[in-house]
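A short worksheet on the structure shown next.
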Amino acid sequence: MFGFGSKREGRSRQLREQRLGTSRWRQISRRAFSWRALNGMIFVAGACTIALVGEQSLDYVVGQRLDQPIYAKVKFQVTDANQTTLDKKAARAKTPSTYTLNDPALTFGRIRADLMRLYQAAADADAYEAYVQVMDGLKWPADRSAYKRLRGLVDMPNDAGRAQFQDWVDKLPLEGQHVVKGLSREPRDPPSSTDFILLDMRDGENAVQIPHSELVPQGNEKALQGSAAIVARSIPGAYELWPTIEAIIVAAFREQPTILYSQERTAEAMQKAEEATPPAKIVYEKDKPFISPGELGEEEYVLLEAHQAAYLEFLKQDTDEAMALRQQRWLHRVGLVTMAGLLAGGLLIYTRLYQPGVLATRGRGLEFVAVVLATVAVARLVDVRWPQYPELVLGACLVAACVTSIVYPRRFAVGAMCILAVLAATIVRSNLPFLLMLLLGVSATVYQLDEIRTRTKLLKVGLVTAASVMLAALGAGLAEGQTPTFLLQHSMLAGIVAVGAVMLVSGTLPFIERVFGVATSLTLLEWRDPTRPLLQLLARECPGTYNHSLVLGTLAEAACERIGANGLLAQVGALYHDIGKIHRPSYFTENQEGRISRHDSLAPTMSLLIILGHVKDGLELARQYKLPPVLHHFIAEHHGTTVVRYFHRVASDKQPLVASGRHDREVAESDFRYSGPRPRTRESAVLMLCDGVEGAVRALPEATVGRIESAVHGIVTDRLNDGQFDDCDITMREIRLVEESLVKSLCGIYHGRVAYPKARKPREESVEPARMRG
């Protein structure tokens with residue numbers, strides 16, 4: 001039997017261990033796949049991913065003063081813009097000017113035609129005097145020896161002289177004479193630095209280089225005569241004709257050049273030479289300083305960008321040095337991701353401690369994660385695209401601070417935004433002064449945004465925040481020894497970004513409220529307006545309920561102000577908490593006329609359905625009239641899961657009696673409870689107490705101070721014992737303060753009045769004097 005018992009105990013132990021292991025596994029899996037865990041994983045993974053996006057940006061800004069030189073990580077070269085400009089200009093200057101042949105009819109053809117006219121003039125003149133007269137008309141010099149030589153040709157038989165002269169003219173080397181106009185004044189920039197030109201021969205062949213020494217400027221008379229002499233003396237044995245022919249050629253060269261400057265072709269050649277000129281390079285060696293201490297200018301910043309590009313390009317190589325740099329780069333990224341993950345985890349822990357409901361649900365958790373990750377993503381984008389304007393990161397953080405302050409409590413918002421500022425500064429790799437500016441900016445913004453009751457509130461917040469960050473930027477810049485121009489520029493930019501960020505929130509405030517399901521004080525003030533259609537409908541259909549709501553609003557606001565809760569929210573929630581009674585106003589006591597109740601003819605269960613239905617009807621009306629979601633809580637939670645005492649008692653009293661005088665069975669309280677939920681905020685908890693004590697005090701036959709205190713304490717104790725405050729963070733001390741506030745407010749509302757004496761009757765007034773006379 002001993003062995004049998006041991007075996008049975010062992011099996012029981014195994015079963016218990018299996019059940020315990022299964023339950024633990026279910027618990028672990030439930031926690032691992034909860035919305036809190038999923039939101040946390042999304043947040044940490046998103047922050048780490050954003051930290052890895054893009055390459056490391058430059059941590060320098062134009063105008064910044066550097067105390068230490070900057071050393072090159074790799075060998076790189078940059079284009080020397082000044083030298084490249086000089087080289088291109090030199091290439092343009094070295095491009096020879098291009099010329100084309102002038103129209104032959106104006107140059108060589110004209111000269112040959114003029115020479116044949118000379119022959120004809122001698123042929124037509126029988127005497128020298130006639131020849132002189134013709135030559136004077138043509139403005140050519142007349143020479144007797146030339147005339148005789150021409151007449152000798154004319155007198156040759158069979159027109160042989162003309163053929164001989166024509167042959168001389170055709171063989172004149174005119175095409176070898178290059179007469180130009182304005183060689184030193186060519187319309188080109190810069191002037192040519194070559195000693196030759198290019199002549200386009202128009203025959204499809206390549207251009208011919210002609211030295212400047214072979215060119216004949218039109219303005220040089222001596223050169224023109226020398227060129228004409230070369231041409232004329234090419235006629236053998238006709239030295240008598242040389243002076244006349246020279247004069248005719250010089251006259252033609254004075255009027256028309258033989259070659260013309262081609263501006264279009266020269267400009268095209270200069271452009272090609274400029275484009276073919278390689279850019280001049282400046283080489284910087286590795287581990288050598290390439291930027292000296294001092295103010296960082298535009299040229300130095302361009303040099304930093306070139307160094308960064310060369311560094312990234314060098315990392316792609318397969319050398320050992322490149323592999324070492326890649327390893328160093330990845331270690332840096334691992335460290336960055338580690339810091340981002342730790343900060344993201346710290347923010348999750350802070351949220352879990354001070355706002356646990358944020359990450360526990362899908363909607364609220366994703367909203368919070370989206371705000372933080374969007375801020376970090378914008379900060380990273382600014383760091384990659386516009387590294388010279390780090391103040392734009394401040395704008396993203398301030399927008400997140402405004403949204404967080406509007407949606408969540410300030411205590412949570414200030415801590416969360418400070419952690420977010422550290423995370424953003426870590427990802428964008430900024431310095432300590434920039435981090436301090438971010439912390440000061442988000443702290444000043446959250447501190448001021450306790451509530452938004454006026455439209456100028458956000459403008460004031462923006463101005464104060466701008467002044468704060470400007471002072472921080474000035475102080476940090478002075479501590480670093482920056483120049484006044486740099487300080488003024490970036491402090492002004494920080495102030496402008498701060499004001500712009502807050503104004504962006506002001507313009508999108510309705511959208512923010514709709515997305516996050518919150519209502520600012522400004523929106524609550526609009527819904528408190530008695531001209532709202534829903535409040536007008538409530539006042540018209542349920543005047544008793546409307547007055548009851550007004551009284552509750554006064555009580556709730558005073559009580560919430562006493563414990564530091566949102567009194568305006570509680571007041572507006574009180575105005576709308578009973579709107580569900582609009583559908584059946586006569587079934588509620590405050591709207592009934594006389595002492596006749598419509599519930600007298602109904603069963604308790606039917607009356608219960610009507611009473612419980614006003615919560616559901618109220619939520620439907622709230623959605624129909626588009627009440628802010630934050631006011632829906634007051635409609636659903638102002639009764640919590642309390643018992644409808646009156647109808648529960650009526651139902652119990654109607655149960656049949658047994659012989660002992662007791663009811664046949666007790667009616668369960670759970671059948672007569674509201675469906676809830678119980679109050680989840682301090683404001684809705686206060687409204688629950690106000691609703692209960694106001695009805696209890698109104699039902700008192702004589703509302704003395706003692707009776708009011710007793711009634712209020714009884715209602716508070718009943719709600720507390722019933723567990724109605726288990727889902728909200730109201731404390732016992734705050735409940736006591738709420739109780740004191742309600743007693744004080746109700747005593748003021750239901751205070752006693754002095755009975756004024758009635759006026760005496762005329763007969764009574766005349767009796768007393770008669771007695772006195774008697």
Side-chain angles (χ1 to χ4, degrees), residues 354-355 357-358 364 367-368 371 398-418 441-468 498-499 501-529 532 552-577 627-634 679-687 690 728-730 734 737-738 741:
Y354 295 102
Q355 203 69 17
V358 172
R364 299 301 297 272
E367 290 170 357
F368 178 73
V371 169
L398 292 183
V399 170
C402 290
V403 173
T404 308
S405 301
I406 292 171
V407 178
Y408 305 105
R410 280 198 302 171
R411 177 185 177 184
F412 167 74
V414 67
M417 290 301 100
C418 287
V442 297
S443 300
T445 302
V446 174
Y447 175 76
Q448 297 175 83
L449 278 179
D450 51 346
E451 60 178 356
I452 306 176
R453 281 181 174 262
T454 61
R455 298 187 181 275
T456 59
K457 175 67 175 181
L458 285 171
L459 177 60
K460 295 178 181 178
V461 171
L463 293 176
V464 173
T465 303
S468 301
V499 176
V502 178
M503 289 298 97
L504 176 63
V505 174
S506 177
T508 58
L509 188 58
F511 176 76
I512 294 173
E513 293 180 356
R514 187 176 300 109
V515 169
F516 292 93
V518 296
T520 61
S521 297
L522 186 61
T523 302
L524 294 177
L525 289 173
E526 295 177 354
W527 283 98
R528 193 180 65 174
D529 186 359
R532 283 281 177 175
L552 255 62
T554 303
L555 297 176
E557 182 182 20
C560 286
E561 295 292 342
R562 185 70 183 278
I563 64 174
N566 193 335
L568 178 62
L569 176 61
Q571 182 189 24
V572 179
L575 293 178
Y576 292 93
H577 80 287
L627 244 66
V630 69
L631 298 180
H632 293 195
H633 304 317
F634 293 94
R680 289 170 288 183
T681 63
R682 293 188 298 171
E683 289 81 8
S684 59
V686 169
L687 179 62
C690 294
C728 65
D729 56 355
I730 192 169
E734 290 174 342
L737 293 177
V738 169
S741 175

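Every value quoted in this text rests on a predicted model; they were computed, and no experiment measured them. Every heavy atom of this structure was used, including side-chain atoms; hydrogens, water molecules and symmetry mates were not.
- R682 contributes no side-chain N or O that, together with a main-chain N or O of E734, makes up a donor-acceptor pair within less than 3.5 Å.
- From T445, atom OG1 reaches atom CE of M417 across 10.5 Å, with rounding to the nearest 0.5 Å.
- Contact check for V407 versus R364: side-chain heavy atoms found under the 4.5 Å cut-off.
- Taking the six-membered ring where the residue is Trp, Y576 and W527 present perpendicular rings, their angle passing 60° and hence far from 30°.
- Side-chain N or O atoms of S741 include none that pairs as donor or acceptor with a backbone N or O of L737 at under 3.5 Å.
- A donor-acceptor distance shorter than 3.5 angstrom exists from the side chain of R410 to the backbone of Y447, with no hydrogens or angles considered.
- Considering only heavy atoms from C-beta on, L449 comes within 4.5 Å of L458 through its side chain.
- To the nearest 0.5 Å, the span separating SG on C560 from CG on L569 amounts to 7.5 Å.
- Residue N566 holds its CG atom at 10.0 Å from CG of D450, rounded to the nearest 0.5 Å.
- Looking at heavy atoms from C-beta onward, H633 lies out of side-chain contact with T681 at the 4.5 angstrom threshold.
- Between L459 and V502 there is no side-chain heavy-atom pair separated by less than 4.5 Å.
- Atom OG of S405 is separated from atom CD of Q448 by 10.0 Å, given to the nearest 0.5 angstrom.
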